[in-house]
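Working notes for the structure below.
Computation of the quantities below employed the complete heavy-atom set of this structure, encompassing side-chain atoms and omitting hydrogens, waters and symmetry-equivalent molecules. Letters A, B, ... are given to chains in the order of the sequence lines, protein chains preceding strands, and every chain is numbered from 1.
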Protein chains: 2
Amino acid sequence: MNIGQASAASGVSAKMIRYYESIALLPAAGRRDSGYRDYATEDVHRLAFVRRARDLGFSIPQIRSLLALWSDTGRSNADVRAIAREHLAEMEEQARKLQEMIGTLKALVGSCETGRRSACPIIDELGDHRPAPATPAKPRRRAA
Amino acid sequence: MNIGQASAASGVSAKMIRYYESIALLPAAGRRDSGYRDYATEDVHRLAFVRRARDLGFSIPQIRSLLALWSDTGRSNADVRAIAREHLAEMEEQARKLQEMIGTLKALVGSCETGRRSACPIIDELGDHRPAPATPAKPRRRAA
DNA sequence: GTAATCCTTCCCATGATGGGAGGGTCAAGC
DNA sequence: GCTTGACCCTCCCATCATGGGAAGGATTAC
């Protein structure tokens, strides 16, 4: 199977397949006499595995570990869970930050809507040096 | 004020200040005879504005629009709200996807924990076609 | 036998940020 | 004066995962 077919069958672009090979996330594919890469069904499975892990937000290093566990029949579930939990924690932290930003922005949009003054809190708040009269104390961590 | 002081006062790294100038997000700073950039208080305000907008996840193009509105005293709140709402929608969509991934992964981790068999759903699910407990094949062409 | 499609490698770009090299400038101390 | 160390300048490179595209060879369909 050519790279094009493998791509269509796995949902990973040919570009990415070559890239994954170049960073040794995947074993180098076999080559035909022509130089064309040649893929078997199991290669497509591996590619699909990578794509689904990427869809779940796993990073390449994490997928590297997952792949090793995947082909290791003697692996322990604990190892797999550890990677998944680590990634889960990262995602939850990311979600928390995102919700915080959403909350802040929502409040600003809300004030701007209901405000009758010409000053828009979104702008004022961002400008900082002239904070709105009723500043709803917000978390200003992330010091530089 | 030198770039270092402006950086400390605004919380934007000197590297970033130069970058923002290079992409014309900020007007080119004045220069001294020495070639050093020179910043005034209002420049620092603008920098702080950018930093806060970045903290809220606004993209550079969005900040570009916000900056224009900021310095436009005749702006309409509706314009500002439109940008904020657009960004809000993006963030909410992002949060939705993230929550979906978290949910899926949580379910997988949960099954893996309670499962007594050696097969871990995290792995199986990713593998899709289930790598089959008796398919040791493959790393054949490995290090080719 | 020819044209269309596929494959190859290599280079470039993204977005926002940091690192670092090589070299000029400033301010303080002696 | 002169030295020293901190600061600044411009470039170039790297990230991370991905895509675009060019130049050229291979395969395939008609």
Side-chain angles (χ1 to χ4, degrees), chain A residues 1-26 28-40 43-44 47 49-67 87 90-91 94 97-98 101 142-144, chain B residues 1-26 28-40 43-44 47 49-67 87 90-91 94 97-98 101 144:
Chain A
M1 179 175 354
N2 284 344
I3 200 171
Q5 274 118 35
S7 168
S10 66
V12 180
S13 75
K15 276 281 195 194
M16 280 299 101
I17 295 177
R18 295 194 194 96
Y19 172 69
Y20 291 153
E21 181 182 318
S22 83
I23 62 171
L25 178 67
L26 299 174
R31 300 288 185 133
R32 301 216 185 118
D33 290 350
S34 61
Y36 282 21
R37 287 176 180 78
D38 193 14
Y39 296 91
D43 297 313
V44 173
L47 282 169
F49 181 102
V50 172
R51 188 182 64 77
R52 300 175 128 249
R54 287 291 305 143
D55 285 349
L56 280 175
F58 283 94
S59 69
I60 265 63
Q62 284 170 328
I63 294 177
R64 211 181 283 273
S65 308
L66 287 174
L67 271 177
H87 177 45
E90 284 168 12
M91 287 200 293
Q94 201 184 328
K97 282 184 185 158
L98 194 52
M101 293 194 295
R142 188 190 158 76
Chain B
M1 179 173 1
N2 285 342
I3 199 172
Q5 275 118 35
S7 168
S10 67
V12 180
S13 75
K15 275 278 195 196
M16 278 301 99
I17 296 177
R18 295 195 194 96
Y19 172 68
Y20 291 154
E21 181 182 318
S22 83
I23 61 172
L25 178 66
L26 300 173
R31 299 289 185 130
R32 301 213 187 119
D33 290 350
S34 62
Y36 281 23
R37 287 175 181 78
D38 194 13
Y39 296 92
D43 296 316
V44 173
L47 282 168
F49 181 102
V50 172
R51 187 184 64 78
R52 302 176 127 247
R54 287 291 306 142
D55 284 351
L56 281 176
F58 283 93
S59 69
I60 265 64
Q62 284 170 330
I63 294 177
R64 209 181 284 273
S65 308
L66 287 175
L67 271 176
H87 177 44
E90 283 167 12
M91 287 200 294
Q94 200 183 331
K97 282 185 186 157
L98 193 52
M101 293 195 294

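Going from atom NE2 of H87(A) over to atom CD1 of I63(A) covers 8.5 Å, rounded to the nearest 0.5 Å. Distance check: L25(A) CG to L47(A) CG gives 9.5 Å after rounding to the nearest 0.5 Å. Atoms CG and NZ, on L98(B) and K97(A) in that order, are 12.0 Å from each other to the nearest 0.5 Å. For the atom pair Y20(A) OH and L26(A) CG, the distance stands at 8.0 Å (nearest 0.5 Å). We find the CD-CD distance between Q62(B) and E90(B) to be 5.0 Å, quoted to the nearest 0.5 Å. Atom CZ of R52(A) and atom CG of L66(A) lie 13.5 Å apart (nearest 0.5 Å).
Axis deviation across the helix from dG1(C)-dC30(D) to dC30(C)-dG1(D) amounts to 20°, comparing end segments of five pairs, rounded to 10 degrees.
One can place CD1 of I23(A) at 12 Å from C1' of dT18(D), the figure rounded to the nearest angstrom. Rounded to whole Å, atom C1' of dT5(C) lies 12 Å from atom CD of Q5(A). As a whole-Å value, the separation of Y19(A) OH from dA13(C) P is 18 Å. Following rounding to the nearest Å, D33(A) (CG) and dC7(C) (P) show an atom-to-atom distance of 17 Å. Spacing between atom CD1 of I60(A) and atom P of dA14(D) amounts to 19 Å, rounded to whole angstrom units. Straight-line distance from the CE atom of M1(A) to the P atom of dC7(C): 12 Å, rounded to whole Å. A straight line from CG of N2(B) to P of dG24(C) spans 19 Å, rounded to a whole angstrom. Taking atom CD1 of I17(B) as the reference point, atom C1' of dG18(C) lies 14 Å away to the nearest angstrom.
Annotation: side chain of R32(A) is in contact with side chain of N2(A) (closest heavy-atom distance under 4.5 Å). In this structure the side chain of R54(A) never reaches within 4.5 angstrom of the side chain of M16(A), judged on heavy atoms. Within the 4.5 Å cutoff, the side chain of R64(B) has heavy atoms near those of the I23(B) side chain.
At dT18(D), one or more side-chain N or O atoms of R54(A) fall inside 4.0 Å of OP1 or OP2 (strictly under the cut-off). When the side-chain nitrogen and oxygen atoms of S13(A) are compared with OP1 and OP2 of dG19(D), one or more of them lie within a distance under 4.0 Å. OP1 or OP2 of dT18(D) sits under 4.0 Å from a side-chain N or O of Y20(A).
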Show me the protein contacts with nucleotides 9-13 of chain D, counting only N or O atoms at under 3.5 Å.
unit_1	atom_1	unit_2	atom_2	d
dC9(D)	OP1	R37(B)	N	2.8
dC9(D)	OP1	R37(B)	NH1	2.9
dC9(D)	OP2	R18(B)	NE	2.9
dC9(D)	OP2	R18(B)	NH2	2.7
dC9(D)	O3'	R31(B)	NH1	3.4
dT10(D)	OP1	R31(B)	NH1	3.2
dT10(D)	OP1	R31(B)	NH2	2.8
dT10(D)	OP2	R37(B)	NH1	2.9
dT10(D)	OP2	R37(B)	NH2	2.9

